Amino acid sequence: MKTLHLKPAFSSAIILCLCFLLTSTGWLAWEYHLMSMVSSSTCDLITMVFGYLFQAAGIGCFIGVQRHRSNWGPSGIHIALVLHFLCLLPSVLSTSLTWTLVTGFLMNTVCGYIGGYYLFILARITERHERASMLGIGYSASIFASWVLSRLGGGSLYYSDKVWILCLMMTVLIMGLIHGTRHAEPVVTSSMQASDTPAASDARSLLFRIGLLVFFFSIVNNCGFAFSSADLIEGVHVEFSRLFYAAGLILAGFITDRDRKYGAILAVSALVIPFILLSLRGEPVSSTLFWALNYFTFGFYSVYRIIVFSDHAEDIGALELAGLGLLIGRLGDAAGEAVCLACSSAPLPLICLTALFFFISVFLFFRVYRLLYETPNTIPPAMDAQAFFHQYAAQHDLSQRECEVFRLLLDEKSNPEIAELLFVSDSTVKYHIHNLLKKTGCRNRVDLIRTYSAAFHSQNPQ
């Protein structure tokens with residue numbers, strides 16, 4: 001298959017777009033199928049509580065697998081894509097409620113695994129200063145494509161039995177793209193991982209605080225944004241409403257890349273919207289307006305919860321944790337939906353609980369904000385590995401392919417292993433190593449690794 005030579009950032013955005021389009025199409029088709037079998041409240045419980053929990057479990061599975069496989073290649077995601085399709089078929093076609101639930105939950109688990117993969121790819125091959133923009137562009141392109149597809153067949157594609165054909169086509173396309181786009185594959189993370197030093201312990205503490213913040217953010221958002229699936233029956237067009245989500249994602253992405261502080265402030269400011277929505281419930285306001293406002297402001301928070309974890313995962317040298325924001329967000333989404341369902345007939349307790357979660361969120365936000373954006377940078381040596389690598393590569397004028405080979409050399413991979421991971425021949429690997437040695441003035445690969453390690457530690461004394 002011909003290799004696609006794309007800018008890494010665009011490769012990550014394309015893969016994110018297609019993977020999200022596939023998983024969201026399957027999820028919507030599953031929800032529409034369930035709506036014909038159970039009541040709207042039961043459908044909400046199944047899809048937006050248990051479905052989200054299974055997605056969180058899937059992301060956790062990816063993190064666990066990736067954490068113990070430094071040379072994780074394309075075969076893992078190919079297996080996940082095949083499993084997703086095999087689970088999707090009965091989940092949207094079966095007339096048995098039990099079979100629809102079992103396969104639907106399995107499909108959601110694989111959805112989470114795929115989500116962990118494309119967020120890992122985003123963090124791995126996209127520079128920090130354009131990561132949020134690529135996230136917004138990838139998600140937005142997927143949402144727009146979903147709206148276009150929803151217009152096919154007189155607007156009944158997601159309700160029809162033919163949706164599996166569309167998912168099959170997307171599955172094949174994604175598998176081919178991942179196989180043919182070299183830049184879309186993770187190389188390896190730096191061999192210099194965070195140690196059990198006091199500074200590393202502080203990093204884990206910060207990770208925990210960020211997780212709590214994202215969790216309560218998600219609860220607040222869903223307490224105001226949890227709309228019954230009955231709205232879909234009454235004429236709300238969710239694919240059209242999601243176009244406002246796309247607009248919010250793009251805006252939040254570019255603002256966040258301009259300055260992480262602005263993105264954070266935008267996300268916490270959006271928490272006011274749930275209270276507006278709660279106050280307007282029961283008023284003669286169009287349900288479509290609720291859904292549109294919901295999705296637009298949710299875009300700000302969606303970008304924030306992914307980027308804050310993606311950046312921190314890069315800082316601590318554990319890129320497999322890039323999807324942790326989505327995992328914790330899904331747990332909060334499920335909790336918020338559960339609160340709404342429990343208080344569906346009691347609006348006052350719902351407002352009081354939402355207010356409590358809001359104050360907790362604001363308190364956590366300012367604690368995390370000071371640590372991330374106002375505290376002087378005291379990142380330990382292991383956290384500087386990525387920045388030092390880029391500095392070293394620029395100093396010796398290394399090409400992108402030479403950087404990829406260099407990373408694998410630092411991870412003590414053999415020439416055949418490097419060739420397999422980068423889909424090139426042994427002779428090509430030797431050619432790049434020869435250039436690396438020439439540019440750095442080293443005698444052999446052992447000398448290169450020793451020289452690099454010495455330079456790193458002299459720049460970052462213990």
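This structure is a prediction, so every number in the text was calculated from the model and none was measured. The first residue in the sequence is number 1, and the count goes up from there.
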Validation row: [X], [Y] side chains within 4.5 angstrom (heavy atoms):
X: T428; Y: H432; result: yes
X: I219; Y: I360; result: no
X: F244; Y: T297; result: no
X: F85; Y: L168; result: yes
X: D311; Y: R131; result: yes
X: V220; Y: Y301; result: no
X: F357; Y: F217; result: no
X: Y245; Y: S302; result: yes

Spatial distance of atom [atom1] ([X]) from atom [atom2] ([Y]) [nearest 0.5 Å]:
X: L437; Y: L409; atom1: CG; atom2: CG; answer: 8.0 Å
X: Y304; Y: R260; atom1: OH; atom2: CZ; answer: 11.0 Å
X: L353; Y: C340; atom1: CG; atom2: SG; answer: 9.5 Å
X: I178; Y: I77; atom1: CD1; atom2: CD1; answer: 5.0 Å
X: T109; Y: I114; atom1: OG1; atom2: CD1; answer: 11.0 Å
X: T171; Y: L83; atom1: OG1; atom2: CG; answer: 11.0 Å

Within the side chain of [X], is there an N or O that forms a donor-acceptor pair under 3.5 Å with the backbone of [Y]?
X: S140; Y: G136; answer: yes
X: D257; Y: S133; answer: yes
X: S24; Y: L21; answer: yes
X: T103; Y: S91; answer: yes
X: E420; Y: E417; answer: no

- Should Y369 and K261 be marked as a side-chain contact (heavy atoms from CB on, under 4.5 Å) after you check the CA-CA gap, both sets of side-chain angles, and the distance that decides it? CA-CA 8 Å; Y369 185 90; K261 294 181 181 180; 3.5 Å; yes
If I compare all heavy atoms of [X] with all of [Y], which pair ends up nearest, and what's the gap?
X: F300; Y: A270; result: CD1-CB, 4.0 Å
X: S12; Y: L122; result: OG-CD1, 3.7 Å
X: I255; Y: G263; result: CG2-N, 4.2 Å
X: L249; Y: G299; result: CD2-O, 3.7 Å
X: F309; Y: A322; result: CB-O, 4.2 Å
X: L28; Y: S146; result: CD1-OG, 4.4 Å

- Test log, rule side-chain contact (heavy atoms from CB on, under 4.5 Å), inputs V92 and Y32: CA-CA 8 Å; V92 300; Y32 286 137; over 6 Å; no
- Message: Please evaluate residues N221 and R305 with respect to the criterion side-chain hydrogen bond (donor to acceptor under 3.5 Å, both in side chains), reporting the C-alpha separation (whole Å), side-chain torsions for both, the decisive distance (0.1 Å), and the verdict.
- Response: CA-CA 12 Å; N221 272 278; R305 73 180 180 184; over 6 Å; no
- Could you check D411 against K413 for salt bridge (Lys or Arg N to Asp or Glu O under 4.0 Å), going step by step and ending with a plain yes or no? CA-CA 6 Å; D411 204 52; K413 300 294 182 183; 3.8 Å; yes
- Show the numbers, then the answer: is there a side-chain contact (heavy atoms from CB on, under 4.5 Å) between T126 and I121? CA-CA 8 Å; T126 306; I121 290 295; over 6 Å; no
- Message: Apply side-chain contact (heavy atoms from CB on, under 4.5 Å) to residues I15 and I174 and explain how you reach the verdict.
- Response: CA-CA 7 Å; I15 289 176; I174 295 169; 5.6 Å; no
- Message: Within a 6.0 Å radius of atom OH on Y392, are there more than 12 heavy atoms belonging to other residues, nucleotides or ligands?
- Response: yes
- Any donor-acceptor N or O pair under 3.5 Å, side chains N435, R401: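 Note: N435 and R401 side chains miss the donor-acceptor criterion.
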- Message: Between N222 and D333, is there a side-chain donor-acceptor contact under 3.5 Å, judged purely by atom types and distance?
- Response: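 Side-chain D/A pair, D333 to N222: present.
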Could you give the side-chain donor-acceptor pairs of residues 48-64 under 3.5 Å, partners two or more places apart or in another chain?
from, atom 1, to, atom 2, distance (Å)
Q55, OE1, R330, NE, 2.8
Q55, NE2, N108, OD1, 2.8

- Message: List the residues meeting side-chain contact (heavy atoms from CB on, under 4.5 Å) with V446, not counting sequence neighbours, and say none if there are none.
- Response: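 V446: side-chain contact (heavy atoms from CB on, under 4.5 Å) contacts with N444, R450.
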- Message: If the condition is side-chain contact (heavy atoms from CB on, under 4.5 Å), which residues does F144 pass it with, not counting sequence neighbours?
- Response: W147, V148, L243
- Query: Between F358 and F216, does a ring-ring contact (aromatic ring centres under 6.0 Å, His included) hold up when you go through it step by step?
  - Reply: CA-CA 8 Å; F358 172 81; F216 282 104; over 10 Å; no
- Message: Using a 6.0 Å distance limit plus a 45 degree cone around the ring axis, check whether R407 lies over the aromatic ring of F389.
- Response: yes
